[in-house]
S.K.: 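The structure under discussion is supplied below as structure tokens; questions concerning it will follow.
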Amino acid sequence: MSIKNNIAKLKESLPPGCSLIAVSKTQPVEKLHEAYNSGHRSFGENKAQELSQKYEIMPKDIQWHMIGHLQSNKVKHIAPFVHLIHSVDSLKLLTEINKQAQKNNRTINCLLQIHIADEETKFGFSEEEVILLLMGTELKTLTNIKIIGLMGMATLTENTDKIRGEFKILKALFEKIKSMNIASVDMKELSMGMSSDYKIAVEEGSTLIRVGTAIFGERI
Ligand SMILES: *Cc1c(COP(=O)(O)O)cnc(C)c1O
């Protein structure tokens with residue numbers, strides 16, 4: 001299967017309201033061009049430096065998604081152009097994104113990453129932490145960021161019931177925050193699902209799936 005076919009097949013299978021992000025991390029730009037030439041415009045990377053390098057090389061009408069753990073000192077590399085940061089996991093990071101957005105005269109859209117998996121290695125807020133952040137006063141002072149949803153990664157397991165359960169928890173939190181009607185928060189995107197579990201994620205209400213391997217093949 002070609003990259004073009006993989007993308008077309010994936011898109012066909014998605015319900016309205018759910019979009020595909022092609023995760024191109026570690027893939028050579030030739031492969032990104034192949035996806036781009038088939039009409040795809042949404043790409044995801046997990047490292048700030050690689051993201052900004054690929055931004056320089058690729059056409060400028062691409063929407064770039066930062067999906068990996070982001071250190072505060074790397075925000076400046078992506079602040080001028082990034083479309084959406086999925087991996088916000090601290091107030092410190094959010095404050096730095098706001099500062100760099102201000103410097104670039106723009107508003108940067110962000111998702112709060114929630115820790116739903118068993119693995120300690122995965123990043124993100126707990127439910128309690130995220131509610132505290134959203135109720136706190138600091139958020140109101142950050143005028144150049146907009147929180148538009150949540151992101152989560154399920155446990156890496158063959159147990160689909162477990163994966164589904166984790167996505168259900170994330171969706172429930174998403175709905176809970178939405179119903180809180182917080183002025184500076186607009187809950188509209190729920191980023192969940194990768195190559196191995198996107199079908200479950202879509203069934204559980206994902207609006208953004210992040211798929212790499214199933215489009216580009218194994219990473220080198
Ligand atoms: C790499 C990565 C993906 C895509 O993983 P695949 O299994 O290749 O689809 C999705 N989300 C995040 C945060 C990633 O780092």
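Position 1 is the first residue of the sequence, and the numbers go up from there. Counting starts at 1 for both ligands and their atoms, in listed order.
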S.K.: May I have the step-by-step check of salt bridge (charged side-chain N to carboxylate O under 4.0 Å, His left out) for Asp186 and Lys146, ending in yes or no?
M.R.: CA-CA 8 Å; Asp186 181 15; Lys146 185 137 194 80; 5.4 Å; no
S.K.: Is it true that Glu166 and Lys162 have a side-chain N and a carboxylate O under 4.0 angstrom from each other?
M.R.: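 Between Lys162 and Glu166 there is a salt bridge, with a charged N closer than 4.0 Å to a carboxylate O.
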S.K.: Centre of Tyr36's six-membered ring, under 6.0 Å away, within 45 degrees of the axis: is that where NZ or CZ of Lys31 sits?
M.R.: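 No, a cation-pi geometry is absent between Lys31 and Tyr36.
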S.K.: Please name the residue in the list Gln27, Gln53, Lys54, Lys25 that meets the side chain to side chain donor-acceptor pair (under 3.5 Å) test with Glu45.
M.R.: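 The single option meeting the side chain to side chain donor-acceptor pair (under 3.5 Å) with Glu45 is Lys54.
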S.K.: Are Glu175 and Lys171 close enough, and set up right, to give a salt bridge (charged side-chain N to carboxylate O under 4.0 Å, His left out), and what steps lead you there?
M.R.: CA-CA 6 Å; Glu175 293 300 338; Lys171 168 71 171 175; 2.9 Å; yes
S.K.: As a test of reading the model: which residues have a non-hydrogen atom less than 4.0 Å away from ligand 1?
M.R.: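 Within 4.0 Å of ligand 1, protein side: Val23, Lys25, Ile67, Met153, Met194, Ser195, Arg210, Val211, Gly212, Thr213, Arg219.
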S.K.: Is any side-chain heavy atom of Leu94 less than 4.5 Å from a side-chain heavy atom of Ile147?
M.R.: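 Answer yes - side chains close enough.
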